[in-house]
K.L.:
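Please see the structure below; I have some questions.
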Amino acid sequence: MSRKPSVLITGASGEIGHALISRLAAGDPDRPIVTLDLNPLPPESAAKVRQAVNGSILDTALLDGILAQYEVDRVYHLAALLSTRSEFSPALAHKVNVEGTLNMLEFAQKQGESHGRPVVFFYPSSIAAFGLPGLAVKAKAGKVGEDEYNVPTTMYGANKLYCEHLGRYYARHYKQLAAETMSGKVDFRCIRFPGLISAETVPSGGTSDYAPEMIHAAAEGKRYECFVRPDTRIPFMAMPDAVDATVRLMEAPRARLTRTVYNIGAFAPSAAEIAEVVHAAFPKPDIVTKVDEKRQGIVDSWPADVNDSAAREDWGHAPVYDFRSAFGEYLIPSVKKRYAGG
Ligand code: AKB
């Protein structure tokens with residue numbers, strides 16, 4: 001039980017959650033962190049949180065229990081099924097990605113009504129919310145703006161795009177016909193993440209995972225069959241920059257924000273360029289191309305890069321890592337250490 005202003009992180013055992021917990025615990029040690037995930041938190045993360053709740057965002061009774069125990073005014077809703085996994089289980093993806101997000105928005109609304117302050121709600125959307133109709137259009141489109149090509153071809157992308165609108169509804173139009181104004185309790189803020197590459201966690205269920213999978217396989221001395229063509233290009237970001245952008249957006253003064261949904265970018269290498277860096281960093285990596293045409297089709301519908309000028313102007317998005325430094329200074333040294341038992 002804590003009536004101190006607290007943070008709730010869903011999906012905290014995932015790729016972003018692992019890095020976010022460390023950042024929030026170090027940056028604001030007096031704000032209790034509560035996590036909710038189907039999977040247990042790794043011990044190093046569990047040591048940094050007030051309570052690690054094992055359960056589902058679909059369990060509204062569990063959410064009501066957290067509501068009664070804590071005074072939450074920050075929500076980082078990270079729980080989701082990623083794009084590849086969602087294509088194998090689209091109905092489950094909709095339940096988790098959409099109904100689960102609705103549950104979390106209702107949770108935030110109730111919390112805001114209870115303690116009277118807005119609940120700042122972070123929602124990670126994705127470049128999967130875009131849908132470019134073909135490679136010629138993708139090449140010509142270059143850096144795509146937030147409001148362009150919003151025609152996703154995956155269940156995950158459709159889920160993310162819809163939840164962007166759901167969050168805007170809760171923030172600005174919730175129960176707009178009620179006698180008393182009910183909106184304004186949820187301060188919804190959203191980033192469309194590019195492919196994220198972490199040195200700390202191994203990716204699971206994403207279609208952009210070829211980049212981190214290639215690095216981790218090389219570090220383990222395993223063969224890697226890259227499922228996209230060498231010319232395939234989408235935006236990527238090192239996980240520390242993704243977490244920095246998340247915290248910057250969440251801490252930005254509301255008055256600075258001109259949008260609820262922001263693109264962010266850092267670097268946009270081709271699969272061949274990634275393989276070249278991995279070849280230079282590891283002894284004899286065994287990387288071969290074995291295109292999975294169906295997964296290739298998904299990645300080809302995503303933009304080659306994104307226009308993130310609004311994020312840079314409104315709340316100072318400024319990634320530290322470019323392509324070379326992301327691999328040379330963060331990923332490769334950390335992944336080598338991870339598999340060397342270091
Ligand atoms: C995925 O590949 O599904 C995710 C994403 C691009 O949002 N990493």
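Counting starts at 1 for both ligands and their atoms, in listed order.
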K.L.:
Sort and list the pairs that fulfil ring-ring contact (aromatic ring centres under 6.0 Å, His included) and have at least one residue in residues 151-170, not counting sequence neighbours.
P.N.:
Tyr170-Tyr174
K.L.:
For this output row, return yes or no: ring centroids of Tyr224 and His216 closer than 6.0 angstrom.
P.N.:
no
K.L.:
Can you tell me which residue pairs pass the ring-ring contact (aromatic ring centres under 6.0 Å, His included) test with a partner in residues 226-263, sequence neighbours excluded?
P.N.:
Tyr210-Phe227, Tyr210-Phe236, Tyr262-Trp315
K.L.:
Would you check whether Tyr156 reaches within less than 4.0 Å of ligand 1, judged by its heavy atoms?
P.N.:
yes
K.L.:
Would you please test Lys110 and Asp64 for side-chain contact (heavy atoms from CB on, under 4.5 Å) and show each step?
P.N.:
CA-CA 9 Å; Lys110 291 173 188 171; Asp64 288 344; 3.7 Å; yes
K.L.:
Which residue owns the protein heavy atom closest to atom 2 (O) of ligand 1, what's the atom, and how far is it?
P.N.:
Thr207 N, 2.7 Å
K.L.:
I need the contact type for Trp302 against ligand 1. Using non-hydrogen atoms and a strict under-4.0 Å cut-off, is it side chain, backbone, both or neither?
P.N.:
side chain
K.L.:
Report yes if Asp209 has an N/O atom closer than 3.5 Å to an N/O atom of ligand 1; otherwise report no.
P.N.:
no
K.L.:
Enumerate the atoms of ligand 1 whose separation from the nearest heavy atom of Leu82 is less than 4.0 angstrom.
P.N.:
3 (O)
K.L.:
Is Leu82 reachable from Ile298 through a run of hydrophobic residues whose side-chain heavy atoms are each under 4.5 Å from the next?
P.N.:
no
K.L.:
What's the shortest distance from atom 5 (C) of ligand 1 to any protein heavy atom, and which residue and atom give it?
P.N.:
Ser126 OG, 3.5 Å
K.L.:
Does the ring centre of Tyr321 sit less than 6.0 Å away from the ring centre of Tyr330?
P.N.:
yes
K.L.:
For ligand 1, note which part of Ser83 has a heavy atom under 4.0 Å away: side chain, backbone, both or neither.
P.N.:
both
K.L.:
Kindly identify the option in Pro212, Ser208, Gly206, Ser86 whose heavy atom sits closest to atom 8 (N) of ligand 1.
P.N.:
Ser208
